[in-house]
Protein chains: 2
Amino acid sequence: MRARSAAIAGRVGHGVAVDATASAGKRLTREARRAQILEQAAAYFAEYGLTAHTRGLADACGISQRLLYRIFPTKAALLEEVYRTAILGAFRHEWLPPLRDRSVPVQARLCRFYEAYHAGVLTRSWMRLFLYASLAEADMAPNYIGDIVSGLLDVLVEEVAHEQGIVLPADKPFLDEVAWTLHGAVSHLAIRRHLYGASRQLPVAEVVELHVTAFVDGFRGMVGTRR
Amino acid sequence: MRARSAAIAGRVGHGVAVDATASAGKRLTREARRAQILEQAAAYFAEYGLTAHTRGLADACGISQRLLYRIFPTKAALLEEVYRTAILGAFRHEWLPPLRDRSVPVQARLCRFYEAYHAGVLTRSWMRLFLYASLAEADMAPNYIGDIVSGLLDVLVEEVAHEQGIVLPADKPFLDEVAWTLHGAVSHLAIRRHLYGASRQLPVAEVVELHVTAFVDGFRGMVGTRR
DNA sequence: AACGTAAGTCGTCAATTGACGACTTAGACG
DNA sequence: CGTCTAAGTCGTCAATTGACGACTTACGTT
């Protein structure tokens, strides 16, 4: 039984079209084929879950299933590489310097950053893959949270506190939670839109601004509860 | 390949202990057995995903796989029933009247409601099952959102607006988004805690209060952006 | 043009899968 | 205590699975 559709309805599903990027039967170098497979695999596993089958993926790539195993030793190794490229690789580190550019009001910086983050990271494919990975393996999501989000949370509170002349308490778990207020709000917006099919009436930029404004305006009050 | 652990590590996993509720070989009525299976199935599918196998579930129940198929016609039918009982059935409608009791400050009402909601609905098992279902089937999550959350969002804005003497604009999508600010915050807290292993330093009640306070205090400002 | 190498495929295997026909047995009732 | 019904199990089937040994062929190099 497949993860998607078939789960409840019992349908066979997976009408994935053959990859159009590599036009008919063209022979690729190992590296080019590897890159093409990884791209297709990210989309395929995002759609049907990490339990999706290698034959279906091979079809989607327009290659034989055997070739998959000539390039990746096991399905687990392929999945690990998909996680590294598609999940960890989506974050653009060049987004960080503008986020710290104090010549611009923090409100504007946050809006711009989270619009880019929503468009570049929180896509349907990324979100589904990230959730499938988080559900399946205890080590994957913590990697992203630990490697990327954690540092981001620090920047958020530092920048807002600086602009508002607030001296932050030393309570790290509390400050993380305050920062999650904004980061979680935008993340959950993506979950609603891509997973629940909700929150699709308003433009993303408008909702992001709503959350950023609430965060900036409420920041002093939040931090004030811990003195 | 199994959904959990095995997805990346390749382990076989599922060290689910045999159900202890029905002590050794005791014969149950059809309804009692059905209830026992549903309870076990919710935990089992929450852990290993909707693609988990019926043999593993039968082991967890302490019964033969064949008996599963004497009580539920197909795996899909079993899953549908699990969704109805474990996902839709978790919400207690008796939480709503206290939420509307205007003799109590709205801040306190919201705190109490979301503490109960987090403890009763947003459990690890519920959260995982809900996400697996949302990822697999486009019809399930919308059911919960449509049947339960949607009405809740209305209550949230109505109650806060009333206490603060605010006349709400007619813009329904916008008001929904304002309400999601709080509902999403608590939901994402549960996702962080149960899925990402984050946000576990502070007590839940404290974080819930942080979000409720931010919501109540920032409500006028939020709604004010739409006049 | 011949050739060698790496890209690519065919066919298959053992282990699982959901599903179910045929059978066994506990235990309520007279 | 016998009997009958519904609870429960055994064994199996066809369809999939991940994985891979053996083979074929495109194409850069000389």
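Quick note on labels: first sequence line is chain A, next is B, and so on, each numbered from 1.
Remark: P of dC27(D) and CG of L28(A) are 10 Å apart, rounded to the nearest angstrom. Taking atom CZ of residue F72(B) and atom C1' of nucleotide dC20(C), one finds them 17 Å apart after rounding to whole Å. Between the NZ atom of K26(B) and the C1' atom of dA28(C) there is a distance of 13 Å, rounded to whole Å. Regarding I63(B), its CD1 atom lies at a distance of 16 Å from the C1' atom of dA26(C), rounded to whole Å. For R34(A) and dA6(C), the CZ to P distance is 17 Å, given to the nearest whole Å. Between the CG atom of L68(B) and the P atom of dT17(C) there is a distance of 15 Å, given to the nearest Å. Rounded to an integer number of Å, the gap from L79(B) CG to dT17(C) P is 15 Å. Summarising the geometry, the separation between NZ on K75(A) and P on dT16(D) is reported as 16 Å, rounded to the nearest angstrom.
Residue H53(B) has a polar side-chain atom (N or O) positioned under 4.0 Å from OP1 or OP2 of dG18(C). In terms of phosphate contacts, Y69(B) brings a side-chain nitrogen or oxygen within less than 4.0 Å of OP1 or OP2 of dA19(C). At the phosphate of dG18(D), OP1 or OP2 sits under 4.0 Å from a side-chain N or O atom of T54(A).
One donor-acceptor pair, N or O on each side, does fall under 3.5 Å between the base of dG18(C) and the side chain of R55(B). With hydrogens and angles ignored, a donor-acceptor pair closer than 3.5 Å exists between the side chain of R66(B) and the base of dG21(C). No hydrogens or angles were tested; on distance alone, a donor-acceptor pair under 3.5 Å links the side chain of R27(A) to the base of dT25(D).
The existence of a salt bridge linking D176(A) and K172(A) is confirmed by a sub-4.0 Å separation between a basic side-chain nitrogen and an acidic carboxylate oxygen. The pair E115(A)-R112(A) fails the salt-bridge criterion, with no side-chain N (NZ, NE, NH1 or NH2) lying under 4.0 Å from an Asp/Glu carboxylate O.
Listed by chain and residue number, R226(B) satisfy the salt bridge (Lys or Arg N to Asp or Glu O under 4.0 Å) test with D171(B) (two or more places apart in sequence, or in another chain). Contacts of T54(B) classified as side-chain hydrogen bond (donor to acceptor under 3.5 Å, both in side chains), with partners at least two apart in sequence or in another chain: Q65(B).
A heavy-atom distance below 4.5 Å is found between the side chains of Y144(A) and F91(A).
For the helix from dA1(C)-dT30(D) to dG30(C)-dC1(D), the terminal axes (five pairs an end, C1' atoms, rotation from four pairs onto the next four) enclose an angle of 10°, given to 10 degrees.
If you take CZ on F72(B) and CG on L67(B), they are separated by 10.0 Å, rounding to the nearest 0.5 Å. With rounding to the nearest 0.5 Å, the separation of CZ in R193(A) from CD in Q201(A) is 10.0 Å.
R70(B) comes within 4.0 angstrom of a nucleotide base, judged by non-hydrogen atoms across all strands.
Residues I71(B) and Q65(A) each lie close to DNA chain D; by heavy-atom proximity, the contact nearer the 5' end of the strand is made by I71(B).
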